[in-house]
There are 2 protein chains.
Amino acid sequence: MARTTLADVAREAGVSVALVSIVMRDAPGASDVTRARVRDVADRLGYVPDQRARLLRSTDTRLLGVTFDLHQPFHGDLVEHLYAAAAEHGYDVAISAVAPSRDERSAVQALRRERCDALVLLGPDLSTDDLAALGTDLPTLVVARRSGTPEVAAVRGDDELGVGLAVDHLVSLGHVRLAHVDGGSAPGAEERRRGFVEAARRHGLDPWVLAGGATERDGVRATATLLEASTPPTGVVAFNDHCASGVLDALLRARRDVPRQVSVTGYDDSRLAVARQDLMTTVSQSAREMAERAVAGALGLLAGEPARDVVLTPELVVRSTTGPAPA
Amino acid sequence: MARTTLADVAREAGVSVALVSIVMRDAPGASDVTRARVRDVADRLGYVPDQRARLLRSTDTRLLGVTFDLHQPFHGDLVEHLYAAAAEHGYDVAISAVAPSRDERSAVQALRRERCDALVLLGPDLSTDDLAALGTDLPTLVVARRSGTPEVAAVRGDDELGVGLAVDHLVSLGHVRLAHVDGGSAPGAEERRRGFVEAARRHGLDPWVLAGGATERDGVRATATLLEASTPPTGVVAFNDHCASGVLDALLRARRDVPRQVSVTGYDDSRLAVARQDLMTTVSQSAREMAERAVAGALGLLAGEPARDVVLTPELVVRSTTGPAPA
DNA sequence: ACGGTGCGGCCGGCGAGCCCG
DNA sequence: CCGGGCTCGCCGGCCGCACCG
């Protein structure tokens, strides 16, 4: 079954190919009656314009390539908003997934073959060198990490500040023994670790940092260590919502009352933060704003603007996993 | 910056366009030395073949279109394996996301414009009519749901049987008061509900079915009802892992010991099942096998085979959320 | 016979220019 | 002289073919 093309529609409607083309893309140059007739025939034949052929003609594809991690819910949120943000500027989005069995390079290569005008990489694991190389021959923007090279733009949250908000919040509730379950080597982990240490010091507290990670299990494991301490912390700042979820789980299992005995904060305000029974206090990165800034940034690059490093201010969302320090 | 094309490479290497084309697609007709030289120039210029132009020429695109739900972890697993399975048959995958703000139709339409050879829809919400219409002009296969129309193939787990496995397992552990937190109107919910009722009756038990849903919050809500009962069930079969996670959360909050007081089963064996501290007993659908069967099925359709309904046998994975019934 | 060239035509759209009532 | 409509060339590869060393 050969696909129906403009020519098929034209033949069936008894007009020229060009005319059908005009009708299909709502361009001026056809009377309303013909328009209606052509539309009709096209619908009847199930005609769908061939994006590839269409774009072949013009130098730009109005296509934004996006790589994302299949298993990161926050990336899902970002992708969703990227579709919307791109559409607002008349751009389409081509997504390419990264997963344990599919590395960043393959994902990027697939997009390059699609001739995307620009690339938006969500929390990529690429080295700065690879990134720089990519950036020199294709407008590239990274989200949720530092670009590290002048060729590549970035949109990210101010992680140091964000973690600081969580610490300030806990301190204002009277907590004096705080711990941070960190993200190990995950992107952003270093900034958050630093943010925690600095904020704690600012309040004259002793910062306790535990090795954690980006998953529930990491949170569970770190919590085991926490609970063994002679004087466990009353406030735990977790690397992200996943990690925090593990911390909460472990605390609950150990019969600790959250938030009466221990307060816990997450990071990202992902779906997870509101999935649990106890709604999580967390730091929100506003996926929508990030997505919008990312699209704007990528289009800026396309327009020849220099690569910028946009840092968004995160917000603390107080829910029910934090409360006054126990007496 | 105009993209580099075959012509650019040819000019730079001092050879003909046709020859470069031959080299780039590893076709016979060039000496090894020339091959190396051309490759070199191509790399230096950062040449990437234009997929669109290339495919424009041939009728088939060797491209498999896949729609999936951005926020369903199991879909993530499937997509990951679909990439691999498709690659094994020399096919590429184009993915298109479905999300609250992006409906199934848009996702499908985007893939049609890409001229995919066939469509694989993961747990689509489309009506049978829409599906049939789609299936008549493009080889289409649905995963994790019944197709309901002879034009569209399907690959799905035997949900009735799967839930039966969970029930059998609980019964064998001595449980006699079982409840099912169902999936409401989610795809597959009806089959699982039926599977639960039938399995319970088979064992001479009274099936208790509660209105649930596909999310943690649904599990939490349903559990509240369960706990109010004068004689709460000792075994809970949840619609899926998400829902089960909510059930576990609520039970833990209510100081119920899992599995000593209550046993809980999930469904899907998603990452979530092993994310929690207490590893979840759940019914596994083997994303890899599903993906492989889906690709095989789609390619079968392409080869002119009739649409089949492949039903895979799920397996029970016993972990630590189920145990002997309390005395 | 094999490595290589050059010439068209094709795919499915797009758009400039032209023609005619 | 304008607007509906058509003709034609082009985008970037692929492919067959004639032709040369």
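Residue numbers begin at 1 in each chain, while the letters A, B, ... track the order of the sequences.
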### Reading 5' to 3' through nucleotides 16-21 of chain C, protein heavy-atom contacts under 4.0 Å coded B for base, S for sugar-phosphate only, - for none
------

### Query
Among the nucleotides C/dG13, D/dC15, D/dG12, which one has an atom lying closest to any side-chain atom of A/Arg57?
C/dG13

#### Entry: Residue list, salt bridge (charged side-chain N to carboxylate O under 4.0 Å, His left out) with A/Arg113, at least two apart or on another chain
B/Asp92

Name each donor-acceptor pair under 3.5 Å that joins a side chain in residues 284-300 of chain A to protein atoms two or more places apart or in another chain, with its distance.
{"residue": "A/Ser284", "atom": "OG", "partner": "A/Ser286", "partner atom": "N", "Å": "3.3"}
{"residue": "A/Gln285", "atom": "NE2", "partner": "A/Asp268", "partner atom": "OD1", "Å": "2.9"}
{"residue": "A/Ser286", "atom": "OG", "partner": "A/Glu289", "partner atom": "N", "Å": "3.1"}

### Message
What's the closest nucleotide to the side chain of B/Ser16 if the choices are C/dG6, C/dG12, D/dC6?
### Response
C/dG6

### salt bridge (charged side-chain N to carboxylate O under 4.0 Å, His left out) partners for B/Arg146, two or more places apart
B/Glu191

## Note on the structure
Across all chains, not counting sequence neighbours, the side-chain hydrogen bond (donor to acceptor under 3.5 Å, both in side chains) partners of A/Glu80 are B/His71, B/Ser101

### Message
Going by side-chain contact (heavy atoms from CB on, under 4.5 Å), name the residues that satisfy it together with B/Glu151, two or more places apart in sequence or in a different chain.
### Response
B/Ala132, B/Thr136, B/Thr149

### Task
In whole angstrom, give the distance that lies between atom CG of B/Asp50 and atom P of C/dG12.
16 Å

### Query
Mind checking what makes salt bridge (charged side-chain N to carboxylate O under 4.0 Å, His left out) contact with A/Arg271, not counting sequence neighbours?
A/Asp77

### Message
Filter on side-chain hydrogen bond (donor to acceptor under 3.5 Å, both in side chains), then keep only pairs touching residues 294-310 of chain B, sequence neighbours left out; what's left?
### Response
B/Arg156-B/Asp309

### Task
Could you check B/Leu55 against A/Leu19 and say which one's nearest nucleotide on DNA chain D is further toward the 5' end?
A/Leu19

### Query
Which part of the nucleic acid does B/Arg115 contact within heavy-atom distance under 4.0 Å: base, sugar-phosphate only, or nothing?
sugar-phosphate

### Message
Based on the rotation axes of five pairs at each end, what angle does the helix from C/dC2-D/dG21 to C/dG21-D/dC2 bend through, to 10°?
### Response
40°

### Message
If you define the side chain from C-beta out and look only at heavy atoms, does anything of B/Val79 sit under 4.5 Å from B/Leu122?
### Response
yes

### Message
Please list, in numerical order, the residues of residues 30-47 of chain B that have a heavy atom closer than 4.0 Å to any atom of DNA chain C.
### Response
B/Ala30, B/Ser31, B/Thr34

### Contacts of B/Asp158 that satisfy salt bridge (charged side-chain N to carboxylate O under 4.0 Å, His left out) - sequence neighbours left out
none

### Residue pairs, two or more places apart or on separate chains, that pass salt bridge (Lys or Arg N to Asp or Glu O under 4.0 Å) and touch residues 26-36 of chain B
B/Asp26-B/Arg39

